[in-house]
> 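First the structure, then my questions, so here it is.
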Amino acid sequence: MKSVHTAVREQFSQHANYYAQSSAHAEGDTLDIILDFADPQGAERTLDIATGTGFTAFKLAPEVAYVIATDLTPEMVAKAAELGEKKSIKNLAFSVAAAESLPFADASLDLVTCRIAPHHFQDVPAFLSEVRRVLCPDGRFCMVDSVTPEPEKLRAWQNRVEWLRDNSHVYGYPPSAWDAMITAAGLSLEKTAHVRNAQMSFLWWVRPEQNPPEVVQEVRDAFASLSPDEAKEHYTVHPAGDDFYFSWPMYAVSARCV
Ligand SMILES: C[S@@+](CC[C@H](N)C(=O)[O-])C[C@H]1O[C@@H](n2cnc3c(N)ncnc32)[C@H](O)[C@@H]1O
């Protein structure tokens with residue numbers, strides 16, 4: 001069986017340009033909340049894990065001492081470096097690295113961020129243990145990721161739908177599981193918030209240029225199988241002709257190294 005890291009690299013190496021142009025990743029509440037929760041004072045040695053094409057790193061760089069932007073996929077790191085250069089951001093460094101095995105010394109960083117990525121990670125407890133290891137005493141971890149509703153039925157539904165559309169999806173945890181895993185890693189929860197990504201067109205999100213028609217139909221049927229209340233309350237589904245718009249629930253956390 002293909003390893004999760006191989007699946008991630010195969011998926012994301014083809015999509016560096018797509019992400020670089022994605023307004024859902026370039027802007028929005030999830031970027032603002034990372035900055036707000038991080039509350040940078042200007043001197044933070046910062047690491048952005050799974051930086052993708054660098055949007056979180058670019059947002060943080062003017063507010064901290066420097067940002068090291070890392071990602072498992074070399075093509076994403078290359079695109080982030082190209083965009084950072086175009087933006088003339090000087091205090092950025094880049095590195096290809098897995099979230100579960102960070103090439104940084106113990107207690108060497110003040111701030112670690114990670115946005116819309118852990119649902120692709122092979123081993124979230126290993127990622128959190130690495131975050132804890134590289135943070136200095138009192139250092140801060142801020143993350144936002146898509147999460148699943150607490151009821152088991154919807155959790156299984158959402159994880160299946162996300163995996164059908166993108167086989168590099170591993171698992172979306174509910175907020176209660178995040179709180180427990182972060183605490184178990186030796187970090188102390190400071191702030192949490194329930195947020196959402198921007199409304200997305202189903203026909204854009206499902207990537208019909210990549211996924212075969214039967215997969216697109218299976219995902220569409222899965223949305224149709226939700227009750228009207230589930231569709232509205234958890235996924236903000238709004239019909240729009242042949243298309244519909246929806247959003248994923250997201251969870252934002254800041255935690256301190258204790
Ligand atoms: C949706 S993109 C990230 C978006 C980005 N953080 C932002 O704020 O725009 C997900 C990224 O996670 C990376 N990724 C997935 N699994 C990873 C892992 N185990 N370690 C490091 N990066 C990983 C992928 O290569 C991809 O670039």
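Indexing begins at 1, ligand by ligand and atom by atom, following the structure's order. Sequence positions, counted from 1, serve as the residue numbers for this chain.
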> Taking the minimum heavy-atom distance to atom 15 (C) of ligand 1, which of Val170, Val4, Val8 ranks first?
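Considering heavy atoms of Val170, Val4, Val8, the nearest to atom 15 (C) of ligand 1 sits in Val8.
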> Evaluate the side-chain proximity of Val147 to Gln158: yes if any heavy-atom separation is below 4.5 Å, no if none is.
no
> Check whether any side-chain heavy atom of Val77 sits under 4.5 Å from a side-chain heavy atom of Thr70, and report yes or no.
no
> Go through ligand 1 atom by atom and flag the ones less than 4.0 Å from a non-hydrogen atom of His120.
15 (C), 16 (N)
> Under a 4.5 Å cut-off applied to non-hydrogen side-chain atoms, are Leu203 and Arg220 in contact?
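Yes, their side chains come closer than 4.5 Å.
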> Heavy-atom distances under 4.0 Å are what count here, so tell me which part of Glu100 touches ligand 1: side chain, backbone, both or neither.
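Side chain only; the backbone of Glu100 stays clear of ligand 1.
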> Please identify which atoms of ligand 1 are closer than 4.0 Å to at least one heavy atom of His5.
19 (N)
> So among Trp205, Tyr235, Trp204, which one has a ring-ring contact (aromatic ring centres under 6.0 Å, His included) with Phe246?
Trp205
> Counting heavy atoms only, which part of Ile116 comes closer than 4.0 Å to ligand 1: side chain, backbone, both or neither?
backbone
> Using only heavy-atom distances, determine whether the side chains of His5 and Glu100 contain a donor-acceptor pair under 3.5 Å.
yes
> Any atoms of ligand 1 less than 4.0 Å from a non-hydrogen atom of Gly52? List them with their elements.
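Answer for ligand 1: 27 (O).
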> Purely on distance, is any nitrogen or oxygen of Asp71 under 3.5 Å from one on ligand 1?
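Yes; at least one N/O pair falls below 3.5 Å.
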> Which of the atoms in ligand 1, numbered in the order shown and given with their element, are less than 4.0 Å from a heavy-atom of Phe55?
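Per the distance check, 9 (O).
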> For ligand 1, indicate whether the residue Ala97 contacts it via side chain, backbone, both or neither (heavy-atom separation under 4.0 Å).
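It is the backbone that touches ligand 1; the side chain stays farther off.
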> Between Asp110 and Arg140, does any side-chain N to carboxylate O distance fall below 4.0 Å?
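Between Arg140 and Asp110 there is no salt bridge, as every charged N stays at least 4.0 Å from the carboxylate O atoms.
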> When you look for heavy atoms under 4.0 Å from ligand 1, do you find them on the side chain of Thr51, its backbone, both, or neither?
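Backbone only; the side chain of Thr51 stays clear of ligand 1.
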> If we only consider heavy atoms of Gln122, is any one of them less than 4.0 Å away from an atom in ligand 1?
no
> Report yes if the side chains of Met250 and Arg115 come closer than 4.5 Å at any heavy-atom pair, otherwise no.
no
> Is the shortest distance from a Lys or Arg side-chain nitrogen in Glu82 or Lys86 to a carboxylate oxygen in the other one below 4.0 Å?
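Answer for the salt bridge query: yes.
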> Return yes or no for this condition: an N or O of Ala98 is under 3.5 Å from an N or O of ligand 1.
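Among all N and O atoms of Ala98, none is under 3.5 Å from an N or O of ligand 1.
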> When you measure from atom 4 (C) of ligand 1 to each heavy atom in Arg115, Glu130, Gln11, which option holds the nearest one?
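Considering heavy atoms of Arg115, Glu130, Gln11, the nearest to atom 4 (C) of ligand 1 sits in Arg115.
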> Which atoms of ligand 1 sit under 4.0 Å from any heavy atom of Ala50?
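What qualifies from ligand 1 is 3 (C), 5 (C), 6 (N), 12 (O), 13 (C), 22 (N), 23 (C).
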> Is the shortest heavy-atom distance from the side chain of Asn197 to the side chain of Ile116 under 4.5 Å?
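Result no, sub-4.5 Å side-chain heavy-atom pair not found.
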